[in-house]
There are 2 protein chains.
Amino acid sequence: MGKGEETRQAILDQAIALASEVGVSGLSIGALADKAGMSKSGLFAHFGSKEEMQLAVLRRSQERFAEYVFKPALKERRGLPRLRALMTNWLNWTEKARLPGACPLNSAANEFDDQPGAVRDAVAAGLAEGRRMLGNAVRLAVEAGDLRADTDIEQFVFELVGIELVAMQSQRLFRDKQAIPRALDAFERLVRDHQPSRKE
Amino acid sequence: MGKGEETRQAILDQAIALASEVGVSGLSIGALADKAGMSKSGLFAHFGSKEEMQLAVLRRSQERFAEYVFKPALKERRGLPRLRALMTNWLNWTEKARLPGACPLNSAANEFDDQPGAVRDAVAAGLAEGRRMLGNAVRLAVEAGDLRADTDIEQFVFELVGIELVAMQSQRLFRDKQAIPRALDAFERLVRDHQPSRKE
DNA sequence: ACAGAATACGAACGTTCGTGCTAAAAAGTC
DNA sequence: GACTTTTTAGCACGAACGTTCGTATTCTGT
């Protein structure tokens, strides 16, 4: 890895941290350059445009997300244990990744949902992939017999995402210490509702 | 109502619409002045500072929210019917209010959760009040015997908010037509889980 | 109709925005 | 160690940002 790629990665690490506080659209080249300890134009040269920088930040965020949420969950047994691990990793990942603020992907989802363009597309694709992988974990839980066979997987994922979103709002906006416990309670209720009947 | 107050209200109506597309922090005085058909300085004089304008927009959004979500729900019988009305009104209110984008309060919640200051405080207070009123409706449903007496009201509201948030993300980011039906399904499942036993 | 107040405008402020251009410094290659 | 390529800094640009100020216009009460 040449010097260029090295500093590029360092920039992106700072960028993720900054974006988690001010959002992806609030990420300005000048402020990021200051934080990274280099000149505006020097930093700019790595990306060529602000939009390209935003896309790079999103890609990097997604990598980190996979690293902190999906990868460790693979150690758990397919089915409910893995699904539960996914959920708890998801609820804690920004903290584990030492981000000072919110999940950049989620912030960007709110900022760009009405701004057509490449950034919006990337955000949508990123979150869609997250839902897809979550759906896969749910499907495995069904196949393992941990959830009822007639479970509506998309609906299940839909509700999981809702639990995550409200937990983040409660935690970040209201500083509610009970946010994660409440989210886990909601998760367990959801699972209980889809428990296979005993005789199966 | 003098001329001043009149145009001030007109400005705020435009501001809510614009904020629903670009967010409350993305709301710039110049762009709003263009949209309102007046000069930057003329508009600015109505508020004295950008922050004051943002606070006015939030207050106005909250009024509109109450008008479209809470007020019509009062026509329904206390208990489950009113709660259901609240939920459907909530899921559709931006459309009913003819906002071109998302709920400004929700956007602001994401933008300001890491930006200490008066705006953040106002957003938190606004959403907290929303949760409180929702909690009140849940409590009435418990008292009416529509929900189990041991219902954890805060937890119930928590899950309602989650349903709303994921519905908005699905609708706005993914243009998912099934978002509202899925949200209503989730709501009915939540209600079913808290149904009083038959013999009571 | 007229005086006084309220409201709106245009111009300009200093700053920051994203983005080029050019030259210096650093890194990689032989 | 010289040469080439890559990386960084410096400077400037036009535009937009929030804000101030002085002046013009429009409203309001009498």
Side-chain angles (χ1 to χ4, degrees), chain A residues 1-16 18-19 21-58 60 104 107-108 111-112 114-120 122, chain B residues 1-16 18-19 21-58 60 104 107-108 111-112 114-120 122:
Chain A
M1 180 161 68
K3 176 81 197 312
E5 193 58 26
E6 194 174 317
T7 59
R8 192 188 144 102
Q9 298 302 332
I11 291 171
L12 286 177
D13 283 341
Q14 302 277 13
I16 293 180
L18 192 50
E21 291 186 285
V22 300
V24 173
S25 64
L27 231 185
S28 82
I29 310 245
L32 181 54
D34 274 2
K35 189 169 171 126
M38 60 188 300
S39 72
K40 234 176 30 154
S41 54
L43 186 147
F44 183 84
H46 280 275
F47 304 99
S49 76
K50 180 176 186 178
E51 191 177 62
E52 208 52 58
M53 182 194 78
Q54 291 175 322
L55 293 172
V57 170
L58 290 176
R60 186 86 169 154
S107 304
E111 295 164 351
F112 290 94
D114 282 303
Q115 315 293 328
V119 179
R120 200 204 109 102
Chain B
M1 180 162 68
K3 176 81 198 314
E5 193 58 26
E6 194 174 317
T7 57
R8 193 189 143 101
Q9 298 302 330
I11 291 171
L12 285 177
D13 284 341
Q14 302 277 14
I16 293 182
L18 192 49
E21 290 185 286
V22 300
V24 173
S25 65
L27 230 186
S28 83
I29 310 242
L32 181 54
D34 274 2
K35 188 169 172 125
M38 60 187 300
S39 71
K40 239 182 13 159
S41 53
L43 186 147
F44 183 85
H46 280 276
F47 304 99
S49 76
K50 179 176 185 178
E51 190 177 62
E52 208 52 57
M53 180 194 78
Q54 292 175 321
L55 293 172
V57 170
L58 290 176
R60 185 90 170 153
S107 303
E111 295 164 351
F112 289 94
D114 282 304
Q115 314 293 328
V119 180
R120 200 204 110 102

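Chain letters run A, B, ... following the sequence lines, proteins first, then strands; residues in each count from 1. For clarity, every value in this text was computed on a predicted model and none was experimentally measured.
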Enquirer: Rounded to the Å, how far apart are Met53(A) CE and dT19(C) C1'?
Expert: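 The distance from CE of Met53(A) to C1' of dT19(C) comes to 13 Å, rounded to the nearest Å.
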Enquirer: Please list, one pair per line, the donor and acceptor atoms closer than 3.5 Å that link side chains of residues 25-35 of chain A to other protein atoms, with sequence neighbours excluded.
Expert:
residue, atom, partner, partner atom, Å
Ser25(A), OG, Glu111(A), OE1, 3.3
Ser28(A), OG, Ala31(A), N, 3.2

Enquirer: Could you tell me whether Ser28(B) contacts a base, only the sugar-phosphate backbone, or nothing, with contacts defined as non-hydrogen atoms closer than 4.0 Å?
Expert: sugar-phosphate
Enquirer: Specify the separation, in whole Å, of atom CD of Glu52(A) and atom P of dG20(C).
Expert: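 These atoms are roughly 13 Å apart.
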Enquirer: Should Leu12(A) and Phe47(A) count as side-chain neighbours, where that means a heavy-atom distance under 4.5 Å?
Expert: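 Yes - at least one pair of side-chain heavy atoms lies under 4.5 Å apart.
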Enquirer: Judged by atom type as modelled, is there a donor-acceptor pair below 3.5 Å linking the side chain of Glu21(A) to the main-chain atoms of Asp114(B)?
Expert: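 No; judged by distance alone, with no hydrogens or angles, the pair does not exist.
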Enquirer: Under 4.0 Å, counting only non-hydrogen atoms across every strand here, what does Leu32(A) touch: a base, just sugar-phosphate, or nothing?
Expert: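 No contact.
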Enquirer: Send over the distance from Ile29(A) CD1 to dT15(C) C1', rounded to a whole Å.
Expert: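 Atom-to-atom, Ile29(A) to dT15(C), this comes out as 17 Å.
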Enquirer: Rounded to the nearest angstrom, tell me the gap between atom CE in Met38(B) and atom C1' in dA6(C).
Expert: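 Rounded to whole Å, this separation is 13 Å.
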Enquirer: Give the minimum heavy-atom separation between Ala19(B) and Pro104(B), together with the two atoms involved.
Expert: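 The answer is CB-CB, 4.4 Å.
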Enquirer: Can you pull out the residues from residues 40-51 of chain A that lie within a 4.0 Å heavy-atom distance of DNA chain D?
Expert: Ser41(A), Gly42(A), Ala45(A), His46(A)
Enquirer: Expressed as a whole number of angstroms, how long is the span from Asp34(B):CG to dC9(C):C1'?
Expert: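 Those two atoms, CG and C1', are 14 Å apart.
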Enquirer: Figure out the CD/P separation between Glu6(B) and dA6(C), and round it to whole Å.
Expert: 17 Å
Enquirer: Taking all atoms of both residues into account, what is the closest heavy-atom pair of Val119(A) and Gln54(A), and its distance?
Expert: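 The pair with the smallest heavy-atom distance is CG2-OE1, 3.5 Å.
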Enquirer: Side-chain contact test, heavy atoms from C-beta onward, threshold under 4.5 Å: evaluate it for His46(B) versus Glu52(B) and give yes or no.
Expert: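 With C-beta onward as the side chain, the pair stays apart.
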Enquirer: Measure the distance from CD on Glu5(A) to C1' on dT5(D) and round it to the nearest whole Å.
Expert: 16 Å
